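Some notes on the structure that comes next.
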Amino acid sequence: MNGTLVELEHDLALLDRAARCAVRAHGHVEPNPMVGCVASDRSGEVIAMAHHERLGGPHAEVLALQRGGDSLREGTLHVTLEPCAHQGRTGPCTSAIIDAGISRVVIGHLDPNPDASGGVEVLQAAGIEVEVLDHQPSRLLIAPHVVRLREQRPWVQVKWAQTIDGRIATRSGQSRWISSDRSRGMVHRQRGRVDAVLTGIGTVMHDDPRLTARHGRPRRVPRRVLVDPMLECPPDAALLQTMDQATLTIACLEGAPEARVETLRRSGVDVRSFKEHDGRLDLRSMLESLYCQQAISTVLVEAGPGLVSSLFDACCVDEALVFVAPRLLGDEQALPPVHGRMPDTIDAGIDMSLHRVHRRGDDVLLRYGVSSGKS
Ligand SMILES: NC(=O)c1ccc[n+]([C@@H]2O[C@H](COP(=O)([O-])OP(=O)(O)OC[C@H]3O[C@@H](n4cnc5c(N)ncnc54)[C@H](OP(=O)(O)O)[C@@H]3O)[C@@H](O)[C@H]2O)c1
């Protein structure tokens, strides 16, 4: 191996460390991106690591520089995102890097935000060597931010639990419980890191979920959002009986019964009506409204094939979290996670890329990314 390749592998390994550090912020910093930084001294020894810890707080580079102090003079920063060159909630990171006497900065991904980008040019103008690498973990970290900037909607994760033969409920609609206690604990933790948990009226009718985060101390208390086009949610539904635990938005069609709208609003529900798109509630408009009017930046979908399929059809799914439990149903009429598609060829299916595999006891959690515009 030549020296350049060894150096590249070293840079990528340090960016990997920075990315692992960044994910500690999940649930603390959104709608900001998660960012991690590794700071080394001039001999290459890692002196400090940091991540952007909270919205409005110092950026990862600034924290790493503070932790490393004078020993970082002529040192190197490996940072998952291009350092900002603008005054936002905090000062420009480029100034802190220049003041600290850093001589090299390795970047995992350029900043997609036109207001914050330009850091590379500022650093280079100050005589700092800058390298921007194609680093997949950095790209995954910034992906939610890219979706928010480009589409003005939240990052949408759909989650389902399925048997080995790909069924999420029996033909009668019974799904409790496909996955293990441990997997369900993980779902509760994930609920406590997002701004909203979204479901459909079919799931409320069958499972009557509360959709609250009940594992450990949640980082966020997610708003529950229900797609209920004609406001059929029963008054004794757990979602309505737990209004003291988390807020509830119900999305309905403009033609939903007015009396029902009034009753729900009187009980504290945020009822929002949406126009139709191809005869059904326009899910993209609903997501845009959640993002622009209610500051919802991340959504976890826990629904059946009705809503999940509509979200795929609207190209509004970014990530799928699939729990596979060690069980077979063997019934072709049991419910699949997605339905209603009729691809003629395998290539016409929805392409996903496998990002991570976690084992939880006998269950496996597969995390898939959906290519933009492909869902
Ligand atoms: N294993 C799991 O992880 C899991 C998770 C959740 C639910 N489930 C199971 O899934 C089953 C429920 O499935 P489901 O499909 O009935 O539930 P759902 O997806 O929660 O809700 C379906 C409802 O949403 C409506 N909907 C979807 N997209 C819409 C749109 N764009 N506009 C207006 N309405 C829209 C559907 O309307 P239409 O009637 O017009 O289609 C339908 O009434 C249950 O058996 C439950 O146990 C399993």
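We use all heavy atoms of the structure for the numbers below, so side chains are in, but hydrogens, waters and symmetry mates are not. Atoms within a ligand are numbered from 1 in the order they appear, just like the ligands themselves. Every value quoted in this text rests on a predicted model; they were computed, and no experiment measured them.
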If you have a sec, work out which protein heavy atom is nearest atom 20 (O) of ligand 1 and how many Å separate them, to one decimal?
-> Thr203 OG1, 2.6 Å
With respect to Asp313, which candidate in Arg341, Arg280, Arg284 satisfies the salt bridge (Lys or Arg N to Asp or Glu O under 4.0 Å) definition?
-> Arg341
Judged by non-hydrogen atoms, does His277 sit under 4.0 Å from ligand 1?
-> no
Of the backbone atoms (N, CA, C, O) and the side-chain heavy atoms from C-beta on, which set of Asp282 has a member under 4.0 Å from an atom of ligand 1: side chain, backbone, both, or neither?
-> neither
Report yes if Leu307 has an N/O atom closer than 3.5 Å to an N/O atom of ligand 1; otherwise report no.
-> yes
Above 12 or not: heavy atoms from other molecules or residues under 6.0 Å from CZ of Arg42?
-> no
May I ask you to list the atoms of ligand 1 that are less than 4.0 angstrom from any heavy atom of Ala169?
-> 45 (O)
Kindly determine whether Arg184 and Asp181 satisfy salt bridge (charged side-chain N to carboxylate O under 4.0 Å, His left out), including the steps that lead there.
-> CA-CA 5 Å; Arg184 297 204 304 281; Asp181 285 355; 2.9 Å; yes
From the options Arg153, Arg150, Arg367, select the one residue that forms a salt bridge (Lys or Arg N to Asp or Glu O under 4.0 Å) with Asp318.
-> Arg153
Ligand-residue contact atoms, ligand 1 with Gly200, heavy atoms, under 4.0 Å = 18 (P), 20 (O), 21 (O)
Nearest protein heavy atom to atom 45 (O) of ligand 1, by residue and atom, and its distance?
-> Gly173 O, 2.7 Å
Atom CD of Gln245 and atom CG of Leu211: how far apart are they, to the nearest 0.5 Å?
-> 11.5 Å
For atom 6 (C) of ligand 1, state which one of Ala334, Ala303, Ser175, Ser309 supplies the nearest heavy atom.
-> Ala303
Please assess Asp41 against Arg73 for the test salt bridge (charged side-chain N to carboxylate O under 4.0 Å, His left out), listing each intermediate value before the final yes or no.
-> CA-CA 7 Å; Asp41 66 11; Arg73 228 150 245 292; over 6 Å; no
Asp362 CG: over 12 foreign heavy atoms closer than 6.0 Å | no
How close does the nearest protein non-hydrogen atom get to atom 10 (O) of ligand 1, and which residue and atom is it?
-> Gly304 CA, 3.4 Å
Please write down residue, atom name and distance for the protein heavy atom closest to atom 4 (C) of ligand 1.
-> Ile168 CD1, 4.1 Å
Reference residue Leu8; test side chain to side chain contact (heavy atoms under 4.5 Å, CB included); the match among Leu12, Val6, Thr4 = Leu12
Which atoms of ligand 1 have any heavy atom of Lys159 under 4.0 Å away?
-> 3 (O)
Among all protein heavy atoms, pick out the one at the shortest distance from atom 25 (C) of ligand 1; state its residue, atom name and that distance to 0.1 Å.
-> Arg280 NH2, 4.1 Å
Quick one: side chain to side chain donor-acceptor pair (under 3.5 Å) partners of Ser172, sequence neighbours excluded?
-> Thr170
For atom 31 (N) of ligand 1, what's the nearest protein heavy atom and its distance?
-> Leu281 O, 3.1 Å
Relative to the heavy atoms of Trp160, which atoms of ligand 1 are at a distance of less than 4.0 Å?
-> 3 (O)
Return the residue, atom name and 0.1 Å-rounded distance of the protein heavy atom closest to atom 43 (O) of ligand 1.
-> Ile201 CG2, 3.4 Å
For ligand 1, is there an N or O atom under 3.5 Å from any N or O atom of Gly202?
-> yes
Report the part of Asp207 (side chain from C-beta onward, or backbone N, CA, C, O) that has a heavy atom under 4.0 Å from ligand 1; answer both or neither where that applies.
-> side chain
Would you call Glu302 and Arg191 a salt bridge, using N to O less than 4.0 angstrom?
-> yes
For Ser310, the atoms of ligand 1 under 4.0 Å from one of its heavy atoms are 27 (C), 28 (N), 29 (C), 31 (N)
Would you say ligand 1 has an N or O under 3.5 Å from any N or O of Ala161?
-> yes
Arg148 charged N/C atom sitting above Trp155 aromatic ring, 6.0 Å / 45° | no
Would you check, one step at a time, whether the test salt bridge (charged side-chain N to carboxylate O under 4.0 Å, His left out) holds for Arg220 with Asp195?
-> CA-CA 7 Å; Arg220 294 180 177 212; Asp195 289 327; 2.6 Å; yes
Quick check: are there more than 12 heavy atoms from other residues, nucleotides or ligands sitting under 6.0 Å from CZ of Arg176?
-> yes
Residue portion contacting ligand 1 (non-hydrogen atoms closer than 4.0 Å) for Leu283 | side chain
Any idea which protein heavy atom is nearest atom 33 (C) of ligand 1, and the distance to it?
-> Pro229 CG, 3.4 Å
Hey, is ligand 1 close enough to Gly306 that some N/O pair sits below 3.5 Å?
-> yes
